[in-house]
A.B. asks: 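Pasting a structure here, questions to come.
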Amino acid sequence: MAEAQAQNIPSPVGESKPRIDARQKVTGSAVFADDIPHGNALLYARIKRSSRPHALIRRLDVNKARALPGVKAVVTGEDFPGYIGLYLQDRHIFCRDRVRYVGDPIAGVAATSEEIAEKALDLIEVEYEDLEPVFDPESGASDSSPLLHPELGQYAAANFIFPQAGTNISNHFRIRKGDADSAWDECAAVIERRYHVPHIQHVPIEPHVAAAQVDVTGEITLWCSSQSPFAQRNLIAQAMGIPQSRMRVIAPFVGGGFGGKAGVSMESLAVAIASKVKGRPVKLLATREEEFVTTFVRQGLVAYFKMGCDSDGHLLAMENRFYWDGGAYTEYGVNITRASGYSSSGPYEVPNVKADAYCVYTNHPVGGPMRGFGMPEMHAGLEQCIDELAQQIGMDAVEFRRINCLKTGSILVTGSQMHPTGLPQCIEKAAEAIEWGRKDPPSAPNKRRGKGLALMWKAPAMPPNAGSSAWVELSEDGMVNVGIGGQDLGQGVFTVAAQMAAGALGVPYESVRIATPVDTRYSPYEWQTVASRLTWSLGNAVVNAASDARRQILDIVAEAWEESPDDLDIVNGVVVSFRSEREIALKSLVIYGMPKPDDQGWRGGPIVGRGSFMPTYVTGLDPETGQGARAVVHYTTGAQAVEIEVDLETGRIDVLRGASAFDVGRAINPELVRAQMEGGFVQGMSSALFESLQLRDGVVRNPSFVDYRIATSADAPQELQTFIIEVPQEDGPWGARGIGEHSMVPTIAAIANAIYDAVGIRLDGPPFTAEKVYLAMLDAGIVQ
Amino acid sequence: MVVHSIEVTVNGEPRQIAIPPSMTLLRLLRESLALTGTKNGCAAGECGACTVLLNGEPVNSCMVLAVECDGAQIVTVEGLAQDSRLDPVQQAIIDAGGVQCGFCTPGILISSRALLDRNPEPSEEDIREALVGNLCRCTGYLRIIEAVRLAAQTY
Ligand code: FES
Ligand code: FES
């Protein structure tokens, strides 16, 4: 259907239309959650947080805080016994008897000013009984480790998550494909490595903010910066013990999400506090420090890789073990672990694979989804091992990847077959762009130059049946209004949805608007804006809704003109007949219909098209072997290459140029695709060179922009080439699949491989700060 | 509470406002004047989302006390477009595709405008340097740098 639509001329699909929200965003009129006025009744909320990594709460006294003038409510965990969590319900809104990380919410205050609320926090008295903390996921996974969640066995979990009761392992995912144990003997080369990837933060420039109001009947309204208004409605309503329909989430523009604003992190706190001051709106705005520590963080990873190949360079076996530092609660992180398991081979065909991925509770900040959902962390080590293996057998690293990379029809690590993929083309483009194989002299005698390349694959990680829906209606002037529940985080989905609606309906892009803000009361359902799934999933729903509207319109006109709908089309907002050559503008019929022939009554009425989409074909995997018919909906693949210089005197890395090539199936808006590739590259580069949450005894030591450095305009590479490869996705709209996250997946490894090429050193993990690189060069005797 | 009365000209409009002494310029703009285009990203002078022009100079408005602005001229992102004609930096950042989530955009536009006001033909280095205090997590900066270059050509 979509394919037939694509033949329509002109179609806005495939064109780089300007962003639909650009004018609002450049004039300051785009409304973000903190911009919404709530009037004089607004109360300000602040949160009392644990100062201990692991402790029992022996005494909690909020009486003095309650008595402070201006304080309207103080709430604690006592008031909210419900559990909350996306894939594993392991969390209360406020701690009840135990704290599990420094920053865990203990109590919430609502007051008439931020200053009073802040003062009230100081009046809350807490006595702790410290428990032995767990800071290392590997030892935390052992049987002798102190337990963070003795109740793990009783928590409700999705049926594809496997918590190990009586341990800190909240999910264990296994792959047993072929026979890895006996394959090592056939290998000409084997490499074994351990890598550590530290925790990092998403660092959206807009901090989390949530305002909640609970009316006298208990109905909840929540305004927040959100990737997941519907998931928040579902999870918070459950935790508060009310039906989902009695909760409404209004989600305006999001000032960057990157996964951090998915699921529920701090929004439930605002709701819980508001429930004790009925009728009054309560706003909770995360400080930058809270943003760094108490919203989701990217989990840390300790990864062991063992891989081997024959003398011709064919990968024969892998044995990989991942210990994910899930933090205090792993309600979302358990599925990152699963994703790392079913993707554990990287984008390669490997006959024998043994993999174990563990999600481990630690007394660290709460791990959650971040752009790439475990893939940047996993590929960081895996793609370095591939380079090392190639080197061991004396083969060029790109050639090695050509031989082993996934091709259409390859057997995947879960036993199913790879769908059509353009990964081989991505490799060629990225390698060619940086003139792979050519060694240029450094720009100065104190510098060394190197090139590196890495591949990636990633599937949308989500429940098998995550759904999307959309509606399309038209107004008197023929303009098209498209309702969606997906969110624009900056990736441009509003623009792309408008292009697809325009293309499927037959109207100019400029005639479409998106019904915003997303509001669960009026907007159609969308699971969450995560997993780079919207262009594909929401896109299908939009195409279905537009096609439905189109069918209704053509039926009306066909009857009025006594023609067949097959002879009619909608071109540029005008219904035309190829047979009679008659024309009628949409605006003349989409509200009031058309008179029947001979004016004998009317036909039609206001047009409302509806569409939904849900994948129906994803199967379960065997819990012992991780094998199954179809683990995921699809994989986006790609390659990145970089050329860098290392300064021998300082250890500083300069990324001179980069190249990204990804198979996006079909680019609905090529410039927006390129913008994702660029933004992802620089975010990946930033994580490779600068970023880590410095955790000491469970305390984040660098919760500010001064101490946690992210890439600035001075750090962006001089040159960044992007290549769009288009091998269509069978069930994608016009063949499209996602690209949002993928662009930062291979970057750490590509840079690490380039560092090795330049100076011959490998570090055990990012960030490759100047200091670390310099010390490693000193160790290796490269500098004195 | 002590309240001061100050006079400021915001986007060409003279205003007389009563404010508490601890109020920052950022809060004055966002809360007292409902000019919410100027963003709060850190409230600590570290991200540039709150950049406005104070007497023609770009400043982090979260680090300026409103009382210090008595008699000052302030330009926010809402004051860049004249009637409905966009400023060249606004048009250029759209054309170059330098907007994603848009949260850094107001600050970036003000810093860019300030750069072009003092240096109409900036080099790439000048542009990168002028924007170093404006963090953007989405775009990777390249299209923003390109936008300033484009705007310089049409200025
Ligand atoms: S909000 Fe002022 S610099 Fe960040
Ligand atoms: S566009 Fe999102 S922070 Fe710059």
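Residue numbers start from 1 in every chain, and the chains themselves are labelled A, B, ... in the order their sequence lines are given, proteins ahead of strands.
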A.B. asks: Take B:Thr36 and A:Asp34 through the test side chain to side chain contact (heavy atoms under 4.5 Å, CB included) and record every step on the way to the result.
C.D. replies: CA-CA 9 Å; B:Thr36 54; A:Asp34 192 33; over 6 Å; no
A.B. asks: Given that the side chain runs from C-beta out, which part of A:Gln24 has a heavy atom under 4.5 Å from chain B: side chain, backbone, both or neither?
C.D. replies: neither
A.B. asks: So which of A:Phe32, A:Phe681, A:Phe253 has the largest heavy-atom pair count under 4.5 angstrom toward chain B?
C.D. replies: A:Phe32
A.B. asks: Quick one: do A:Ser686 and B:Arg137 satisfy side chain to side chain contact (heavy atoms under 4.5 Å, CB included)? Show the steps, please.
C.D. replies: CA-CA 10 Å; A:Ser686 185; B:Arg137 191 60 155 169; 3.8 Å; yes
A.B. asks: Nearest 0.5 Å, please: how far is SG in B:Cys138 from CD1 in A:Ile205?
C.D. replies: 7.5 Å
A.B. asks: For B:Thr139, which atoms come within 4.5 Å of any heavy atom of chain A: side chain, backbone, both, or neither?
C.D. replies: backbone
A.B. asks: Locate the shortest heavy-atom distance separating A:Ala22 from B:Ile94; write the atom from each residue and the value.
C.D. replies: CB-CG1, 3.8 Å
A.B. asks: Mind ranking A:Glu289, A:Gln491, A:Glu115, A:His202 by heavy-atom pairs under 4.5 Å with chain B and telling me who comes out on top?
C.D. replies: A:His202
A.B. asks: Quick one, A:Leu720 with B:Leu142, criterion side chain to side chain contact (heavy atoms under 4.5 Å, CB included). Give me CA distance, side-chain angles, the key distance, then yes/no.
C.D. replies: CA-CA 9 Å; A:Leu720 187 50; B:Leu142 295 172; 3.6 Å; yes
A.B. asks: Looking at A:Gly680, A:Gly492, A:Ser704, A:Gly679, which one has more heavy-atom pairs under 4.5 Å with chain B than the rest?
C.D. replies: A:Gly679
A.B. asks: Can you check whether A:Val26's main-chain N or O pairs, donor with acceptor, with B:Gln90's side chain at less than 3.5 Å?
C.D. replies: yes
A.B. asks: If the test is side chain to side chain contact (heavy atoms under 4.5 Å, CB included), which one of A:Gln676, A:Lys25, A:Glu678 qualifies with B:Gln100?
C.D. replies: A:Gln676
A.B. asks: If we check side chain to side chain contact (heavy atoms under 4.5 Å, CB included) with A:Thr27, which of these qualifies: B:Leu80, B:Leu109, B:Leu86?
C.D. replies: B:Leu86
A.B. asks: Is B:Glu124 in contact with chain A via its backbone, its side chain, both, or neither, using a 4.5 Å heavy-atom distance?
C.D. replies: side chain
A.B. asks: Tell me which of these, B:Cys104, B:Ala130, B:Gly140, B:Cys101, has more heavy-atom pairs under 4.5 Å with chain A than the rest.
C.D. replies: B:Cys101
A.B. asks: If you measure from CG on A:Asp35 to OG1 on B:Thr38, what distance do you get to the nearest 0.5 Å?
C.D. replies: 10.0 Å
A.B. asks: Check whether any side-chain N or O of A:Arg288 sits under 3.5 Å from a backbone N or O of B:Ala44 as a donor-acceptor pair, and report yes or no.
C.D. replies: no
A.B. asks: Report which part of B:Asn40 has an atom under 4.5 Å of a heavy atom belonging to chain A: side chain, backbone, both, or neither.
C.D. replies: both
A.B. asks: Do you know the tightest heavy-atom contact between B:Glu46 and A:Phe705?
C.D. replies: OE1-N, 3.3 Å
A.B. asks: Heavy-atom distances under 4.5 Å only: say whether B:Ala43 touches chain A with side chain, backbone, both or neither.
C.D. replies: neither
A.B. asks: Can you say whether B:Ile93 sits under 4.5 Å from chain A via the side chain, the backbone, both, or neither, judging by heavy atoms?
C.D. replies: side chain
A.B. asks: Looking at chain B, which one of A:Pro204, A:Ser16, A:Ala711 has the largest number of heavy-atom pairs inside 4.5 Å, strictly under?
C.D. replies: A:Ala711
A.B. asks: Let's test your reading of the structure: which of A:Pro18, A:Ala30, A:Pro207, A:Ser29 forms the most heavy-atom pairs below 4.5 Å with chain B?
C.D. replies: A:Pro207
A.B. asks: Is A:Val203 close to chain B through its backbone or its side chain, or both, or neither, when contacts mean heavy atoms under 4.5 Å?
C.D. replies: both
A.B. asks: For the atom pair SG (B:Cys136) and CD (A:Gln683), what is the distance rounded to the nearest 0.5 Å?
C.D. replies: 10.0 Å
A.B. asks: Under a 4.5 Å heavy-atom cut-off, does chain B meet the side chain of A:Leu672, its backbone, both or neither?
C.D. replies: neither
A.B. asks: Taking the side chain from A:Ser713 and the backbone from B:Arg128, do they hold a donor-acceptor pair closer than 3.5 Å?
C.D. replies: yes
